[in-house]
Visitor: 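Take a look at this one; I'll ask things after.
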Amino acid sequence: MNDSSTDIEKAVLKEYEYGFVTNIEADAAPKGLSEDIIRFISAKKNEPEWMLEWRLKAYNHWLKMEEPDWANVKYPRVNYQDVIYYSAPKQKKKVGSLDEIDPELRETFEKLGISLDEQKRLSGVAVDAVIDSVSIGTTFKAQLAEQGIIFCSMSEAIQEHPDLVRKYLSSVVPVTDNFFSALNSAVFTDGSFCYIPEGVHCPMELSTYFRINAENTGQFERTLIVAEAGSYVSYLEGCTAPMRDENQLHAAVVEIVAMEKAEVKYSTVQNWYPGDKNGNGGIYNFVTKRGICKGDNSKISWTQVETGSAVTWKYPSVILKGDNSVGEFYSVAVTNNYQQADTGTKMMHIGKNTKSRIVSKGISAGHSNNSYRGLVQVSKNAANARNFSQCDSLLLGDKCGAHTFPYIEVKNNTAVVEHEATTSKIGEDQLFYCNQRGIDTETAVALIINGFAKEVMNQLPMEFAVEAQKLLAISLEGSVG
Amino acid sequence: MLTISNLHAGIEDKKILKGLNLEIKAGEVHAIMGPNGAGKSTLASVLAGRQDYEVTEGSVEFLGKELLDLAPEERAGEGLFLGFQYPVEIPGLSTTNFIKTAVNEIRKYRGQDTLDAVAFLKLMKEKMALMNIDQTLLSRSLNEGFSGGEKKRNEIFQMAMIDPKLAILDETDSGLDIDAIRIVSNGVNKLRSKDNAVLLITHYQRLLDYIVPDFVHVLYNGRIVKSGTKELALELEEKGYDFIKNEINEDEEVSIAEKH
Ligand SMILES: Nc1ncnc2c1ncn2[C@@H]1O[C@H](COP(=O)(O)OP(=O)(O)OP(=O)(O)O)[C@@H](O)[C@H]1O
Ligand SMILES: [Mg+2]
């Protein structure tokens, strides 16, 4: 007889689907980090002097910082001198328009399901495609520009819209915020920039697709979204990487600014290479994401589906500064094999009548560890602040772990903060029930986890919900006997 | 349709089924009765393929195939349905979505085209009317927060949707109110045909007034110890299981005595 645990834990990882490597020559910096490397990056990007100075300042600050170790994750320390900080695919000629993108790169993105052909794209989605350290193209730019929307790579924004960049860059995540934000500020190479003018409802989903291709290369992207008063935008990011035995570092910073009555919806489908079934390789995903509801009645909503990475460390947060502003965090984090995730959010209530809602669904399988870490902070003047948090964990097997670390700091006694948490297990009896109805175990697991994660999946834009559902199932394929 | 020969099964070191024989032909309805702990649900689980139970001896032929060689979902595909004594809850998974997956997975197994949303809805409407089941129940999470009776009705509704060859209903009548018993029985009767068969597990002869069985068996201590027609159920109701236990115990005492 099989006892239920051994049966549930016959873990055989399904091959990671996006693990291929594109053979394209790269223009790369030598390994290691120094002032010279930063000058090299800045020069490559032909940056103005202020940008270089900003980077060097960040670098000098970073040198004095210690890598944090408070998260519930274990990994060998990164040797920052062993990382390549700049790598760009060599394109055969200078790219003036989307049509001129190297066919090899175009094909890479096609293989990932991302078409850079505007005719072939889902009509409702504009894409900025980033490979290693650079953006190789952005679709629907012209069409968006007609409404005054700026959607381009960060490098381009620094050239074309320096005033906006200078005004908002690091206004939400200060350079000195943490070890990784300082590192990112020193060496970031690309990312997306979105600006939605006052009163404009962005007519399509904006999305950035991040791909790590080159070996030993870290990806440090920087994204900035500014939504002026009364505007609306829904933004989505996706990411994948080749299968490699060594770990690769991804340390991004994302900042969102929402003015009065503006609404920003930011969705992530994170599918970095998670490592093999024995825990070798995979991406270290150390990300700082933060938005500020600057104006009254503004709203920022984070939705994330985290299935990839060997180690994930990220807490998309909202500073609720404007009165009546709303912050939301919806998360599904899946860990399998030896993956580790420590993720959650911070909701900082500053304005009056501010509301926040946290829905976190952690799914753990194999030998993985999945932690929710959340902070709800209500400051002295935040009268009538409301928070509701729901943190549910689902375990597949009994060698994995689920942990919840909710922190609550309330300095105003009119606040109402509610926290609910549950932990459940996919039971042998649930699987047998499904089997008896003709549903095989893999399909049954997919049904059960999609049911578990539904509240979060419902938040995703339609175009991506189906993909994300499949991804959830694939990440756990083979984790149940 | 189903031939169970000398079936021995148990869990860990506990022997539960101890040489059970039973034959069910197409078109027949059989009822199994027996005291608590006799092994009725175990028999149902073993037939449906629950892995916790180990079959140590015997064979089960179902529509020409060795049932015990098949995975549970294959058994379902071959036409075996088990209405559970205790249906499980799956939070977040809508009942409709679950049933649609089940119906289509079974169709795939049989090499039939899957039903699209429209065709599925049509089938569902039809069976809903038959089973007098409410739409709102089906849009809720599978069995989550369902009352005992609602869970049982949902089992029978699923049976109607799947249209199995052999339906094993494990105490589907327990927990049902009088009206629900009538509805469920009606449903089962409407599905009765010369091509399929039903195995009812029940404690109450009342159910057998509605679904009249061709045979009644008494399962005791892992074996079918007595078989008869509907009258046997009436006799059990009247006398309890004691008269059977006495018969058996006498036999066993003899056999133990013989061993010594
Ligand atoms: N998983 C299990 N672990 C241990 N013992 C079990 C298990 N399943 C069944 N048994 C035992 O096997 C015996 C038969 O159980 P079973 O559920 O088949 O009885 P039943 O005839 O269906 O009873 P009831 O009329 O109460 O439903 C009981 O003694 C029960 O305790
Ligand atoms: Mg029973």
Side-chain angles (χ1 to χ4, degrees), chain A residues 1-10 330 332 359-363 390 392-396 420-459 465-466 469 472-473 480-481, chain B residues 9-14 44-45 47-56 70-84 86-95 97-110 141-144 151 155 158-159 161-162 164 168 170:
Chain A
M1 196 217 64
N2 284 317
D3 81 345
S4 62
S5 63
T6 54
D7 199 35
I8 272 190
E9 282 174 309
K10 283 181 206 147
Y330 293 95
V332 179
V359 179
S360 161
K361 306 273 178 176
I363 302 169
Q390 173 81 45
D392 299 323
S393 309
L394 184 67
L395 301 171
L396 283 78
E420 286 175 12
T422 66
T423 301
S424 51
K425 236 177 130 161
I426 291 191
E428 207 54 45
D429 49 348
Q430 287 175 323
L431 294 175
F432 179 62
Y433 187 84
C434 295
N435 292 159
Q436 205 302 303
R437 299 295 138 91
I439 301 168
D440 65 29
T441 300
E442 299 274 278
T443 312
V445 170
L447 281 179
I448 294 169
I449 58 165
N450 280 314
F452 173 76
K454 192 166 69 181
E455 205 181 336
V456 175
M457 303 304 258
N458 284 346
Q459 296 295 324
V466 178
Q469 264 195 16
L472 274 195
V480 177
Chain B
I11 195 158
E12 270 138 30
D13 289 333
K14 187 179 163 73
S45 298
L47 292 178
R50 190 163 189 135
Q51 279 176 13
D52 304 348
Y53 296 94
E54 198 188 358
V55 175
T56 49
L70 302 176
E73 61 271 22
E74 293 171 332
R75 299 181 194 199
E78 294 293 334
L80 186 118
F81 177 91
L82 170 59
F84 285 78
Y86 304 108
V88 301
E89 305 188 355
I90 303 184
L93 171 59
S94 91
T95 306
N97 187 10
F98 174 75
I99 298 176
K100 185 170 180 221
T101 309
V103 166
N104 279 335
E105 289 296 308
I106 288 174
R107 292 183 70 91
K108 274 190 226 162
Y109 179 86
R110 295 179 182 164
S141 292
L142 183 63
N143 290 325
E144 196 185 28
K151 284 182 184 169
E155 292 293 287
Q158 290 179 45
M159 177 186 81
M161 290 294 291
I162 287 171
I168 304 168
D170 191 358

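Residue numbering restarts at 1 for every chain, and letters A, B, ... go by the order of the sequence lines.
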Visitor: Sort E89(B) into side chain, backbone, both or neither according to what part of it lies under 4.5 angstrom from a heavy atom of chain A.
Guide: backbone
Visitor: Mind listing the closest non-hydrogen atom pair of P72(B) and F432(A) along with its distance?
Guide: CB-CE1, 4.2 Å
Visitor: Chain A heavy atoms under 4.5 Å from P164(B): which part of the residue, side chain, backbone, both or neither?
Guide: neither
Visitor: At a 4.5 Å cut-off on heavy atoms, which part of R50(B) comes close to chain A: side chain, backbone, both, or neither?
Guide: both
Visitor: Considering only heavy atoms, which portion of F452(A) lies under 4.5 Å from any heavy atom of chain B: side chain, backbone, both, or neither?
Guide: backbone
Visitor: Identify which part of Y109(B) has an atom lying under 4.5 Å from any heavy atom of chain A, answering side chain, backbone, both or neither.
Guide: neither
Visitor: Once rounded to the nearest 0.5 Å, what's the spacing between atom CD of E105(B) and atom OG1 of T443(A)?
Guide: 4.5 Å
Visitor: When rounded to the nearest 0.5 angstrom, what is the spacing between CZ in R75(B) and CG in N435(A)?
Guide: 10.5 Å
Visitor: Side chain, backbone, both or neither: which part of N450(A) has a heavy atom under 4.5 Å from chain B?
Guide: neither
Visitor: Do the ring centers of Y433(A) and Y86(B) come within less than 6.0 Å of each other?
Guide: no
Visitor: For S424(A), is it the side chain, the backbone, both, or neither that has a heavy atom closer than 4.5 Å to a heavy atom of chain B?
Guide: neither
Visitor: Give me the atom names and distance for the closest heavy-atom approach of G438(A) to A76(B).
Guide: N-CB, 3.4 Å
Visitor: CZ/F98(B) to CZ/R437(A) distance, rounded to the nearest 0.5 angstrom?
Guide: 6.0 Å
Visitor: Would you mind checking which part of L82(B) comes under 4.5 Å of any heavy atom in chain A, side chain (CB onward), backbone (N, CA, C, O), both or neither?
Guide: both
Visitor: Which bit of S45(B) comes within less than 4.5 Å of chain A, counting heavy atoms only: side chain, backbone, both or neither?
Guide: backbone
Visitor: Quick one: pull up CG in L431(A) and CD1 in I90(B) and give me the separation to the nearest 0.5 Å.
Guide: 8.0 Å
Visitor: From Q430(A) CD over to L142(B) CG, what is the distance, rounded to the nearest 0.5 angstrom?
Guide: 9.0 Å
Visitor: State, yes or no, whether a side-chain contact exists between F84(B) and Q436(A) at a heavy-atom distance under 4.5 Å.
Guide: yes
